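Taking it in order: structure first as C-alpha cells, then the write-up.
The figures here come from the full heavy-atom set of this structure, side chains too, leaving out hydrogens, waters and symmetry mates. Reminder, nothing fancy here: chain letters follow the sequence lines and each chain counts from 1. Keep in mind it's a predicted model, so treat the numbers as computed, not measured.
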Protein chains: 2
Amino acid sequence: MSKSEAVELPLRRDGDAVPCCPPITAGELSQADAERTAAMFKALSDPVRLRLFSKVASHPGGEACVCDIADVGVSQPTVSHHLKKLREAGLLTSERRGTWVYYRVAPSVVAAMAAMLDLRAPGPRA
Amino acid sequence: MSKSEAVELPLRRDGDAVPCCPPITAGELSQADAERTAAMFKALSDPVRLRLFSKVASHPGGEACVCDIADVGVSQPTVSHHLKKLREAGLLTSERRGTWVYYRVAPSVVAAMAAMLDLRAPGPRA
DNA sequence: ACCTTGATTCGACGCCTGTCAATACAGCGA
DNA sequence: TCGCTGTATTGACAGGCGTCGAATCAAGGT
C-alpha cells in the first residue's frame with residue numbers, strides 16, 4: 001500500500017483546543033475545518049456504511065467480525081469496500097485475529113461529532 | 001417547480017418515539033432508517049454546504065441573506081445549488097423578503113443529530 | 001418603461017462513487 | 001500438501017455529484 005490508510009482522526013483526544021471540528025452551529029468553519037468535517041460526514045453518508053458502522057458500534061464487546069455484520073444486502077466485495085472507506089475515514093479500526101477480521105469503532109469518534117454539534121453534555125466538562 | 005422541495009425532516013419534534021434516527025451507536029439501523037439518516041449526513045458531506053450551513057447557523061438572529069454567506073469560494077450559481085440541496089434535505093428553510101432571500105436552520109435539526117448520536121448518556125452506559 | 005442588482009434555473013462537462021464478478025490473499029484443518 | 005473458508009483487491013461499468021457560464025426570473029430605483 002501507499003494509499004491513504006486511515007486519516008488523522010477528525011477530533012483530538014478531548015478537552016483540547018481542537019483544530020478540527022469547531023461546533024457547526026456556533027461559528028463559521030474555515031476551509032480546512034469544513035473539509036475535515038465534511039469527510040467525516042461523507043463516510044457516513046451511505047446507507048450501507050451507516051448500517052455497517054451501526055452494527056459495529058452496537059455489537060456487544062465493542063467489536064464485530066465481518067461475518068457478523070456482512071448481511072446488509074450487498075455483495076461481499078462491496079461490504080469490504082465500504083469497511084475500507086470507514087477505516088480510511090478514521091471511524092473504524094480493524095484487526096485480524098486468526099481466520100476472522102474484527103472491526104471496532106475508533107476511539108473518540110462519537111465524542112468528536114458531539115463536540116462538532118456543540119453538545120457539551122457528554123464530556124466531564126467541569 | 002414540481003420537484004421535491006424539502007423532505008420530511010429526519011427528526012420529529014422532541015421527546016418522541018421517532019421513526020427516523022435511532023441512536024447510531026445503540027443498535028442496528030433498519031434499511032429505511034439508514035437511508036434517512038444517510039441522506040442527512042449526505043447533505044452535510046460537502047465542504048461548501050457545510051460552510052453555508054455553518055454560516056447560516058451561526059448568523060446573528062438565526063437567519064442570513066444569501067449575499068451574506070455567498071463567499072465560500074465557488075460561483076454564485078453553485079452556492080444557490082448547494083442551498084437548494086440543503087433545503088431539500090430539510091436542513092434549511094428560505095424566505096424571500098423584498099430583494100433578498102433569507103435562510104435559517106430548520107427547527108430541531110441539530111437536536112436530531114444529537115439524538116441520533118446517542119449523546120446525553122455518555123458515561124453511564126448501563 | 002427601463003436598467004441594475006440579487007437569486008435561481010438550465011445545460012453541459014469531468015470526476016467521483018457504489019456496485020458487481022472475478023481473482024487474489026490469508027489461515028486453518030485434513 | 002492440498003483444499004476450504006473468510007476477507008481483501010482488481011477491473012469495469014452506470015449513475016450521481018460538483019462545478020461553471022449563460023440564461024432567466026424577481027424587486028427596486030431612476
Side-chain angles (χ1 to χ4, degrees), chain A residues 1-7 31 34-35 37-53 55-56 63-89 91-104, chain B residues 1-7 31 34-35 37-53 55-56 63-89 91-104:
Chain A
M1 255 63 357
S2 55
K3 282 268 191 150
S4 60
E5 179 71 31
V7 300
Q31 175 73 23
E35 282 175 9
T37 306
M40 202 166 80
F41 279 129
K42 193 167 196 172
L44 293 175
S45 70
D46 180 274
V48 171
R49 280 198 294 272
L50 208 49
R51 295 184 73 190
L52 288 172
F53 182 84
K55 284 194 173 199
V56 171
E63 69 178 10
C65 163
V66 175
C67 58
D68 283 332
I69 61 176
D71 183 25
V72 286
V74 295
S75 72
Q76 187 273 321
T78 301
V79 168
S80 196
H81 172 238
H82 283 305
L83 287 173
K84 185 179 184 179
K85 286 246 182 165
L86 287 168
R87 250 186 295 136
E88 290 174 350
L91 296 178
L92 294 181
T93 62
S94 67
E95 181 196 356
R96 169 155 231 138
R97 246 173 8 245
T99 304
W100 293 278
V101 176
Y102 294 87
Y103 280 79
R104 49 175 56 237
Chain B
M1 60 212 65
S2 54
K3 282 268 192 154
S4 60
E5 180 71 35
V7 300
Q31 176 73 22
E35 282 176 9
T37 306
M40 201 166 80
F41 279 130
K42 193 168 197 172
L44 294 175
S45 69
D46 180 273
V48 172
R49 280 199 293 272
L50 208 48
R51 294 185 72 190
L52 289 172
F53 183 83
K55 284 194 172 199
V56 171
E63 68 179 11
C65 162
V66 174
C67 57
D68 283 331
I69 61 177
D71 182 25
V72 287
V74 295
S75 74
Q76 198 277 324
T78 300
V79 168
S80 198
H81 172 239
H82 283 305
L83 286 174
K84 185 179 184 180
K85 286 247 181 165
L86 287 168
R87 248 186 296 135
E88 291 175 349
L91 296 177
L92 293 181
T93 62
S94 67
E95 179 195 359
R96 170 155 230 139
R97 230 147 48 221
T99 304
W100 296 278
V101 175
Y102 294 87
Y103 279 80
R104 49 173 58 238

Nearest-nucleotide 5' precedence on DNA chain C, A:Thr99 against B:Val79: B:Val79
CG (A:Leu86) and OG (A:Ser94) are apart, to the nearest 0.5 Å, by 11.0 Å
Could you say whether A:Ser45 or A:Arg96 is positioned toward the 5' end of DNA chain C, judged by the nucleotide with the nearest heavy atom to each? A:Ser45
Nucleotide nearest A:Lys85 (side chain, heavy atoms from C-beta), chosen from C:dT17, C:dT19, D:dT19: C:dT17
Mind calculating the distance between CG (B:Leu83) and C1' (D:dG18) to the nearest angstrom? 14 Å
Contact check, side chains of A:Phe53 and A:Leu92, non-hydrogen atoms, under 4.5 Å: yes
Would you give me the side-chain donor-acceptor pairs under 3.5 Å for residues 63-76 of chain A, sequence neighbours excluded?
residue, atom, partner, partner atom, Å
A:Glu63, OE1, A:Arg104, NH2, 3.1
A:Glu63, OE2, A:Arg97, NH2, 2.5
A:Ser75, OG, A:Thr78, N, 3.4
A:Ser75, OG, A:Thr78, OG1, 3.0

Mind checking whether A:Lys42 and B:Phe41 have side chains closer than 4.5 Å, heavy atoms only? no
Check the distance between C:dA21's C1' and A:His81's NE2 and give it to me in whole angstrom. 15 Å
With heavy atoms under 4.0 Å as the rule, sort A:Arg49 into base, sugar-phosphate or nothing. sugar-phosphate
B:Tyr102 near the nucleic acid: base, sugar-phosphate alone, or nothing, with a heavy-atom cut-off under 4.0 Å? nothing
Measure from CG on A:Leu52 to C1' on D:dT7 and round the result to the nearest Å. 14 Å
Roughly, in whole Å, what's the span from CH2 in A:Trp100 to C1' in C:dG29? 12 Å
Length of the line joining B:Leu44:CG and D:dG18:P, which is rounded to integer Å: 12 Å
Flag, side chain of B:Arg49 to backbone of B:Ala43, donor-acceptor distance under 3.5 Å: yes
When the distance from CD of A:Glu95 to P of C:dA26 is rounded to whole Å, what number comes out? 17 Å
Heavy atoms from C-beta onward define the side chain here; which of D:dT7, D:dG16, C:dG18 lies closest to that of A:Cys65? D:dT7
Evaluation steps, side chain to side chain donor-acceptor pair (under 3.5 Å), between B:Tyr102 and B:Arg96: CA-CA 6 Å; B:Tyr102 294 87; B:Arg96 170 155 230 139; over 6 Å; no
Short side-chain N/O contact from B:Lys42 to OP1 or OP2 of D:dG16, under 4.0 Å: no
Roughly how many Å is it from NE2 in A:His82 to C1' in D:dA8, rounded to a whole number? 14 Å
So B:Ser80, base contact, sugar-phosphate only, or nothing? Heavy-atom distance under 4.0 Å. base
Contacts to DNA chain D from residues 66-78 of chain A, heavy-atom cutoff under 4.0 Å, which residues? A:Val66, A:Cys67, A:Gln76, A:Pro77
Taking NZ from B:Lys84 and C1' from D:dC25, how many angstroms apart are they, rounded to a whole number? 14 Å
